[in-house]
Amino acid sequence: MTFDRKIKIAPSILSADFANFGQEIRAVEDQGADWVHVDVMDGHFVPNITFGPQTCKAIRPHIRGVMDVHLMIAPVDRYIDAFAESGADVITAHLEAGPHIHRTLQAIRGAGAKAGLALNPGTPAEAASGLIDDLDLICVMTVNPGFGGQKFIRSQVEKVRALRALIGDRPVHIEIDGGVDPTTAPLVAEAGADVLVAGSAVFKGGSVSNSAPYGENIRAIREAAEAATRR
């Protein structure tokens, strides 16, 4: 996994057909997805329950690119090794999920994965200022975590801009999770984001037997974001 600031589209399998993950993943990658995003929720830190390490292990053979695992769980540390062993390339934990986030980030890197830090909408950019050198990715939640299909919170665009300034020339990705589509992607891309998680905006209108809409949706998001970075 090499670093660059090109726009990357990371479809969230939270919006895929749960009974057909392998084919869904192959379909979105064939249609241009760069990363595959796995939203892990525990029904405690967020009001929803989704996947665990065994699901990640089962889908890993179907993913040719980056498996990006977003842990919306608390506590986090006791599960890091299991997700790393499942094949996660990136493991992201929430700053708000526990009192020792620096230890958590160290544990993620120690397990062999890239370390990500997620910030909820109510958490300011400055909360990450002392952690930048321990990160490979910062995930800005542009919805409240827990469910797909929510409306994009526009106040988070300025948080992205502030984080881009904090990061400087460090090799740290800024990821956006929540409400990403062709109308919101340019806002965050212009502010400095380079990894765009999209669920319903990628999977709408398509299926494994008709995956062309996945490609159309991915291209629309990417083209809108890239155009904004050229302005």
Please tabulate, for the side chains in residues 66-76, all donor-acceptor contacts under 3.5 angstrom to protein atoms that are two or more places apart in sequence or on a different chain.
unit_1: Asp68; atom_1: OD2; unit_2: His37; atom_2: ND1; d: 2.7
unit_1: His70; atom_1: ND1; unit_2: Asp39; atom_2: OD1; d: 3.3
unit_1: His70; atom_1: ND1; unit_2: Asp177; atom_2: OD2; d: 3.1
unit_1: His70; atom_1: NE2; unit_2: His94; atom_2: NE2; d: 2.9

Counting only pairs under 3.5 Å, give me each side-chain donor-acceptor contact of residues 55-64, with atom names and distances, residues two or more places apart or in other chains.
unit_1: Arg60; atom_1: NH1; unit_2: Gly87; atom_2: O; d: 2.8
unit_1: Arg60; atom_1: NH1; unit_2: Asp89; atom_2: OD2; d: 2.7
unit_1: Arg60; atom_1: NH2; unit_2: Ile63; atom_2: O; d: 3.0
unit_1: Arg60; atom_1: NH2; unit_2: Gly65; atom_2: O; d: 2.8
unit_1: His62; atom_1: ND1; unit_2: Arg26; atom_2: NH1; d: 2.4
unit_1: Arg64; atom_1: NH1; unit_2: Asp30; atom_2: OD1; d: 3.3
unit_1: Arg64; atom_1: NH2; unit_2: Asp30; atom_2: OD1; d: 2.9

> Yes or no on side-chain contact (heavy atoms from CB on, under 4.5 Å) for Val40 and Phe83, after CA distance, side-chain angles and deciding distance?
Replying inline: CA-CA 10 Å; Val40 176; Phe83 282 101; 3.7 Å; yes
> Could you go step by step and tell me if Leu105 and Leu135 meet the side-chain contact (heavy atoms from CB on, under 4.5 Å) rule?
Replying inline: CA-CA 7 Å; Leu105 297 170; Leu135 298 176; 3.5 Å; yes
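In terms of the salt bridge (Lys or Arg N to Asp or Glu O under 4.0 Å) criterion, Asp134 has no residue partners (sequence neighbours excluded). Every residue meeting the side-chain contact (heavy atoms from CB on, under 4.5 Å) condition with Ser15, not counting sequence neighbours, appears here in chain and number order: Ser200, Phe203. Evaluation of the side-chain contact (heavy atoms from CB on, under 4.5 Å) rule for Ala27 yields Ser211, Tyr214 as partners, not counting sequence neighbours. Considering only residues two or more places apart in sequence or on other chains, Phe21 meets the ring-ring contact (aromatic ring centres under 6.0 Å, His included) condition with Phe18, Phe51. Scored by the salt bridge (Lys or Arg N to Asp or Glu O under 4.0 Å) test, Asp194 finds Lys8 as partners (sequence neighbours excluded). Remark: Asp169 pairs with no residue by the salt bridge (Lys or Arg N to Asp or Glu O under 4.0 Å) rule, at least two apart or across chains. Looking at residues two or more places apart in sequence or on another chain, you find a side-chain contact (heavy atoms from CB on, under 4.5 Å) between Ala191 and Val157, Val160, Arg161. Listed by chain and number, the residues in a side-chain contact (heavy atoms from CB on, under 4.5 Å) with Asp133 are Arg170 (sequence neighbours excluded).
The closest donor-acceptor contact from the side chain of Arg222 to the backbone of Gly32 lies under 3.5 Å.
Applying the salt bridge (charged side-chain N to carboxylate O under 4.0 Å, His left out) definition to pairs two or more places apart or across chains, none involves residues 74-83. Residue pairs meeting the salt bridge (charged side-chain N to carboxylate O under 4.0 Å, His left out) criterion with at least one member in residues 96-121, sequence neighbours excluded, are Arg109-Asp136.
A heavy-atom distance below 4.5 Å is not found between the side chains of Ile174 and Leu137.
The residues Asp34 and Lys6 are annotated as not salt-bridged, no charged nitrogen and carboxylate oxygen being separated by less than 4.0 angstrom.
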